[in-house]
Amino acid sequence: MDYEAVIGLETHVQLKTKSKMWCGCANEFGAAPNTNVCPVCLGLPGVLPVANEEALRLTALTGLLLIAPCRGSPKFDRKKLFLSRRAEELSNHAVRPALDRQRYIDFEVQRRHRPRADHPRASRRRRWQRNFHFERTSAVDFNRAGVPLLEIVSEPDITSADMAYEYLNALKEILIYGCVSDCDMEKGMVRCDVNVSVRPNGAKALGAKIEIKNMNSFSGVRKALEYEIPRQIQVLKGGGKLVQSTRRWNDVTGVTERLRTKEHAHVTLFL
Ligand code: ADP
Ligand code: ZN
C-alpha cells in the first residue's frame, strides 16, 4: 500500500513594533538581560495591560495580505510561560540563548583543559563553575516576555517536505514586504510547529497527528519532514500503530525524537 503525507504548519511571527504587546517596554533584540521589563510584562499582580495598537494594525494587515480578512471581534490570550533554565536545557538544546551558550563553552573548555593547580586560571575556573551552576538553576531573561507574536495556522493540506518549505518562504516574503515582521530567523523572529501525519493514498480520514515542536529554520522543517514522513510510513508498513504525540527535531543527529513526559514536567505553565 502507498501512503501520502498530510502536513499543517503553525507559524509564530514576531511583529515589527517598537514596543511590546501590552506595555511600553522596547521590543528589541540583544539588550542586556532583564533591562526591557516592567511590572506589566513581568506579569506582576494589579497591573493594567494596554493593547499595542500597531500590533493590532499589523495583525489586521496580515489578514488582508493573506486574503483572509479578520472576522468578528478579536480574542486575546495573555499567557505567562515560565521556562526555568533547567527546563530549557532538558527540553530544547537547540534554542539555548547565545549568552548562555557562551558560558557553556567557557565551562567545557575549562574542564577539558584542566589547568595545573598553580596556574592562575585555576581560580577563574572555580568561579565559572559556580556561575554555571547558578545559571542552570535560576537565571532567566524576561526581555522577550510580552513581545507581540502572531500565530498563522495552515489547514492540513500541505503534502510534502518541499511544499512546506515553499509555503514558509512564501509566507515570509509576504510578511517582510508588508513590513509586518523582519522574519529574522537568527533572532528567533519566526518559529514553527510542524504537524504531520500519513494515510493510505486516497483515504479521507486523517492519520494520527504528530507534532514537531519549535522549529527555528525553514530548512530544518524540510529536513525534519524528510525524516519524519518515511519514519511514519515505515511504522505503518511494519504493522505498527502511530499515536498522537510530540517530537522534536535533533539537527545534530538528523532524527526526530519523541519528547518524554519527564521533560514537560519541568515546565510550569500558569495563566
Ligand atoms: P488545535 O491545536 O487548535 O486543536 P488542530 O490540532 O486541529 O488545532 O490543528 C493544529 C494544526 O495541525 C493545524 O495546522 C492543522 O492543519 C494541523 N493538523 C491537524 N490535524 C492534522 C493531522 N491529522 N495531520 C497533520 N496535520 C494536522
Ligand atoms: Zn514591560
Nearest heavy atoms of W249 and G220, plus distance in Å: NE1-O, 4.1 Å
Taking every non-hydrogen atom, the tightest pair across A208 and S197: O-CB, 3.2 Å
First locate atom [atom1] of [X], then atom [atom2] of [Y], and finally report the distance between them rounded to the nearest 0.5 Å.
X	Y	atom1	atom2	result
Y177	L65	OH	CG	13.0 Å
D251	S219	CG	OG	7.5 Å
N169	E173	CG	CD	8.0 Å
I229	S160	CD1	OG	7.0 Å
C41	M21	SG	CE	13.0 Å
Y227	T253	OH	OG1	8.0 Å

Residue pairs involving residues 5-22 (criterion salt bridge (charged side-chain N to carboxylate O under 4.0 Å, His left out); sequence neighbours excluded): K16-D182
Pairs flagged by salt bridge (charged side-chain N to carboxylate O under 4.0 Å, His left out) wherever residues 35-62 is involved - sequence neighbours left out: E54-R57
Positive for side-chain contact (heavy atoms from CB on, under 4.5 Å) with V198, one of L236, V235, L206: L236
Chi angles and distances behind the side-chain contact (heavy atoms from CB on, under 4.5 Å) call for V153, E151: CA-CA 6 Å; V153 182; E151 183 182 42; 3.8 Å; yes
Could you tell me whether the side chain of [Y] reaches within less than 4.5 Å of the side chain of [X], counting heavy atoms only?
X	Y	result
I210	N195	no
V221	I212	no
V13	L149	no
V190	F218	yes
I176	S181	no

Results of salt bridge (Lys or Arg N to Asp or Glu O under 4.0 Å) for R144 - residues two or more places apart only: none
With hydrophobic residues grouped by side-chain heavy-atom distances under 4.5 Å, do [X] and [Y] end up in a single group?
X	Y	answer
V40	V147	no
F29	L58	no
L150	I174	yes

Would you say [X]'s side chain and [Y]'s backbone share a donor-acceptor pair under 3.5 angstrom?
X	Y	value
N34	F142	yes
N143	N36	yes
T35	P33	no

Verdict with supporting geometry, V196 and R231, side-chain contact (heavy atoms from CB on, under 4.5 Å): CA-CA 11 Å; V196 53; R231 186 193 72 81; over 6 Å; no
Modelled atom types, side-chain donor and acceptor of N27 and T17, under 3.5 Å: yes
side-chain contact (heavy atoms from CB on, under 4.5 Å) assessment of H12 paired with C192: CA-CA 6 Å; H12 296 98; C192 193; over 6 Å; no
Listed partners of A161 passing side-chain contact (heavy atoms from CB on, under 4.5 Å), at least two apart: R222, L225, E226
Criterion side-chain hydrogen bond (donor to acceptor under 3.5 Å, both in side chains) against T256, the qualifying member of Q232, R247, K223: R247
Side chains of residues 1-9: which donor-acceptor partners sit under 3.5 Å, not counting sequence neighbours?
from : atom 1 : to   : atom 2 : distance (Å)
E4   : OE2    : R199 : NE     : 2.9
E4   : OE2    : R199 : NH2    : 3.3

Remaining members of hydrophobic cluster (4.5 Å side-chain criterion), V50: none
Other residues, nucleotides, ligands: >12 heavy atoms within 6.0 Å of E257 CD: yes
Residues K209, E211: salt bridge by 4.0 Å N-O rule: no
